[in-house]
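Worksheet: one structure, shown below.
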Amino acid sequence: LVLCFVVLLSVPLLLIDSGFLGTHRAPITVMLPGFFVSLAVLYVLLLAAKISEQCSSMPALINAMSFGEGTEALRQQVVDYISSSAAGFYVFGTRLTSTMILKFMYIWCIAIAGLLTRLGPAK
């Protein structure tokens, strides 16, 4: 399942790059579907990262709640359990965060900009 997720992320981006790197460069209209699919996949990744970050703030929320007299020890056990479970979305054992997704987008944009400046205008 994780491998399918990585392939789903990589294929549209590689299709966009292949339009830039081909022997005959494809017009922008050919690359637009790949671009929109890439944006949709990156949006889904950002939503998954948002859920991961909300899961990390859940122990603080539960710890701030009051459940009545004599429940402090039980509440602390629940908070410890939630903290140690580290719920969220993982890809190859690495937790997705919005920082990670934004760094990925930044590096990919740098790579595409580098390819465009190296290739120059189409002749």
Side-chain angles (χ1 to χ4, degrees):
L1 185 63
V2 174
L3 186 60
C4 292
F5 182 73
V6 172
V7 169
L8 180 68
L9 175 64
S10 302
V11 168
L13 294 173
L14 291 175
L15 288 175
I16 292 172
D17 287 346
S18 68
F20 291 130
L21 295 175
T23 55
H24 61 285
R25 294 193 195 142
I28 193 72
T29 56
V30 173
M31 292 185 287
L32 275 178
F35 177 73
F36 288 128
V37 170
S38 298
L39 285 180
V41 169
L42 289 174
Y43 181 71
V44 168
L45 283 175
L46 283 172
L47 289 178
K50 182 180 176 182
I51 291 172
S52 292
E53 290 172 358
Q54 287 177 345
C55 288
S56 66
S57 67
M58 189 59 69
L61 175 68
I62 292 175
N63 204 22
M65 298 172 100
S66 176
F67 297 106
E69 293 292 321
T71 60
E72 290 83 17
L74 183 59
R75 182 182 66 205
Q76 187 59 40
Q77 289 176 352
V78 170
V79 167
D80 289 339
Y81 176 75
I82 292 172
S83 297
S84 64
S85 69
F89 286 95
Y90 289 84
V91 176
F92 291 120
T94 304
R95 189 173 189 194
L96 285 180
T97 61
S98 59
T99 305
M100 180 185 302
I101 303 303
L102 291 175
K103 283 180 185 178
F104 173 77
M105 290 170 39
Y106 180 73
I107 290 170
W108 202 268
C109 288
I110 288 174
I112 290 175
L115 287 173
L116 287 175
T117 57
R118 184 166 186 235
L119 294 175
K123 295 179 182 178

### Task
Determine the minimum heavy-atom distance between A86 and Y90, stating which atoms define it.
O-OH, 2.7 Å
### Message
So, using side-chain contact (heavy atoms from CB on, under 4.5 Å) as the criterion, who are the partners of T99 when residues are at least two apart?
### Response
T97, K103
### Query
Do L42 and L45 have side chains that get closer than 4.5 Å, going by heavy atoms?
yes
### Query
Do F89 and I51 come within less than 4.5 Å of each other through their side chains, counting heavy atoms only?
yes
### Exam field: side chain S52 to backbone A48, donor-acceptor pair closer than 3.5 Å
yes
### Summary
Separation between SG (C55) and CZ (R95), nearest 0.5 Å, reads 6.5 Å
### Summary
d(S56 OG, I82 CD1) to nearest 0.5 Å is 12.0 Å
### Query
Got a sec, which residues hit side-chain hydrogen bond (donor to acceptor under 3.5 Å, both in side chains) with E53, two or more places apart in sequence or on another chain?
S98
### Query
Hydrophobic cluster mates of Y43, side-chain heavy atoms under 4.5 angstrom, ILVMFWY only, any path?
L47
Name each donor-acceptor pair under 3.5 Å that joins a side chain in residues 58-78 to protein atoms two or more places apart or in another chain, with its distance.
from, atom 1, to, atom 2, distance (Å)
T71, OG1, G68, O, 2.9
R75, NH1, M65, O, 2.7
Q76, NE2, D80, OD1, 3.1

